[in-house]
Amino acid sequence: FDVDRFMHAAKVCFVRLQAANDQNRVDDLREFTSPEMFAELSLEMRERGAVEQSTDVVTLEGRLLGVEHIGEGGATELASVRFEGMLRESSGEAAQPFTEVWNFTRPTDRSSGWVLAGIQQVE
């Protein structure tokens, strides 16, 4: 398991999700989220409607919390990443701190790549 490569991809995913969400790019989200996560995010976008959003990722740090095998026979790999940093959700607004744990999954046989399967807010 190449931790550096995975963490780089996880950070790219974080920034990409912010941009896709801001611009209501549902098709982009579908490419790197699980079906359940996609359904949740697309519902949030529909509820938001045409309200414009512009998220600026001011700082972003990530730490791999662990990788484990889950599911029947360990058929799925689960990698959890703790993200911390500062986000600005509209211009002229002060950046706010955030801490989240993102869960990524992929089949153990690596027949497909990592997808975002869940986001947990950390208080």
Side-chain angles (χ1 to χ4, degrees):
F1 187 82
D2 186 338
V3 174
D4 291 335
R5 183 174 174 202
F6 176 82
M7 288 305 301
H8 174 75
K11 287 180 179 180
V12 168
C13 181
F14 185 96
V15 173
R16 185 176 174 193
L17 183 132
Q18 305 309 318
N21 188 47
D22 288 350
Q23 299 164 12
N24 287 322
R25 292 193 327 249
V26 178
D27 290 337
D28 193 24
L29 286 177
R30 183 176 282 124
E31 290 182 27
F32 62 94
T33 57
S34 69
E36 298 81 10
M37 190 78 230
F38 173 76
E40 186 177 323
L41 292 170
S42 58
L43 177 63
E44 288 175 10
M45 279 196 235
R46 280 194 303 277
E47 288 175 349
R48 187 177 75 225
V51 175
E52 285 195 28
Q53 195 169 296
S54 177
T55 305
D56 180 20
V57 180
V58 179
T59 62
L60 179 63
E61 297 295 325
R63 180 171 50 96
L64 181 65
L65 298 176
V67 179
E68 60 186 292
H69 291 88
I70 61 172
E72 189 173 323
T76 302
E77 286 181 287
L78 168 69
S80 298
V81 176
R82 181 182 176 102
F83 285 118
E84 297 178 289
M86 301 288 284
L87 292 176
R88 182 177 300 112
E89 295 186 331
S90 61
S91 61
E93 182 180 283
Q96 299 295 317
F98 74 92
T99 303
E100 298 175 343
V101 173
W102 284 33
N103 296 304
F104 297 89
T105 60
R106 75 173 174 188
T108 302
D109 67 9
R110 299 182 181 181
S111 57
S112 62
W114 292 102
V115 294
L116 177 63
I119 299 173
Q120 300 164 315
Q121 303 296 316
V122 178
E123 298 298 322

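In this chain, residues are counted from 1 in sequence order. Worth knowing before you read on, the calculation uses all heavy atoms, side chains too, and leaves out hydrogens, waters and symmetry mates.
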Results of ring-ring contact (aromatic ring centres under 6.0 Å, His included) for Phe32 - residues two or more places apart only: none
Contact summary for Val81 and Phe6, nearest pair of heavy atoms: CG2-CE2, 3.5 Å
Intermediate values then yes/no, side-chain hydrogen bond (donor to acceptor under 3.5 Å, both in side chains), Asn24 and Arg46: CA-CA 9 Å; Asn24 287 322; Arg46 280 194 303 277; over 6 Å; no
Residue pairs involving residues 1-18 (criterion side-chain hydrogen bond (donor to acceptor under 3.5 Å, both in side chains); sequence neighbours excluded): Arg16-Asp28, Arg16-Glu31
Hydrophobic cluster identity match, Leu43 and Leu116, side-chain contacts under 4.5 Å: no
Straight-line distance of Glu40 CD to Met45 CE, nearest 0.5 Å: 11.5 Å
Pair Phe104-Val67, side chain to side chain contact (heavy atoms under 4.5 Å, CB included): steps then yes or no: CA-CA 9 Å; Phe104 297 89; Val67 179; over 6 Å; no
Transitive ILVMFWY side-chain link Leu60 to Leu64, under 4.5 Å: yes
Salt bridge (Lys or Arg N to Asp or Glu O under 4.0 Å) partners of Glu84, counting only residues at least two apart: Arg82
Heavy-atom neighbours of Glu93 CD exceed 12 at 6.0 Å: yes
Validation row: Gln53, Arg48 side chains within 4.5 angstrom (heavy atoms): yes
Heavy-atom neighbours of Arg63 CZ exceed 12 at 6.0 Å: no
Evaluation steps, side chain to side chain contact (heavy atoms under 4.5 Å, CB included), between Leu17 and Leu41: CA-CA 10 Å; Leu17 183 132; Leu41 292 170; 3.5 Å; yes
Members besides Leu78 in its Ile/Leu/Val/Met/Phe/Trp/Tyr cluster (side-chain heavy atoms under 4.5 Å): Ile70
Partners meeting salt bridge (Lys or Arg N to Asp or Glu O under 4.0 Å) with Asp27 (sequence neighbours left out): Arg30
Considering all heavy atoms, the nearest Val26-Ser42 contact: CG1-CB, 4.3 Å
Pairs flagged by side-chain hydrogen bond (donor to acceptor under 3.5 Å, both in side chains) wherever residues 113-123 is involved - sequence neighbours left out: Glu100-Gln121
Fellow cluster residues of Val101, listed by chain then number, with links counted only when side-chain atoms sit under 4.5 Å apart: Leu65, Val122
side-chain hydrogen bond (donor to acceptor under 3.5 Å, both in side chains) contacts touching residues 68-80 (sequence neighbours left out): Glu77-Arg106, Ser80-Asn103
Under 3.5 Å donor-acceptor, Ser34 side chain and Met37 backbone: yes
With Asp22 via salt bridge (Lys or Arg N to Asp or Glu O under 4.0 Å) - residues at least two apart: none
Those residues that, when tested against Ser112, pass side chain to side chain donor-acceptor pair (under 3.5 Å) (two or more places apart): none
Joint hydrophobic cluster, Phe38 plus Val12, side-chain heavy atoms closer than 4.5 Å: no
N/O donor-acceptor pair under 3.5 Å between Thr59 side chain and Met86 backbone: yes
Listed partners of Arg88 passing salt bridge (Lys or Arg N to Asp or Glu O under 4.0 Å), at least two apart: Asp56
Worked verdict on Thr55 versus Asn21 for side chain to side chain contact (heavy atoms under 4.5 Å, CB included): CA-CA 9 Å; Thr55 305; Asn21 188 47; 5.8 Å; no
Set of residues satisfying ring-ring contact (aromatic ring centres under 6.0 Å, His included) with respect to Phe14, sequence neighbours excluded: Phe83, Phe98, Trp102
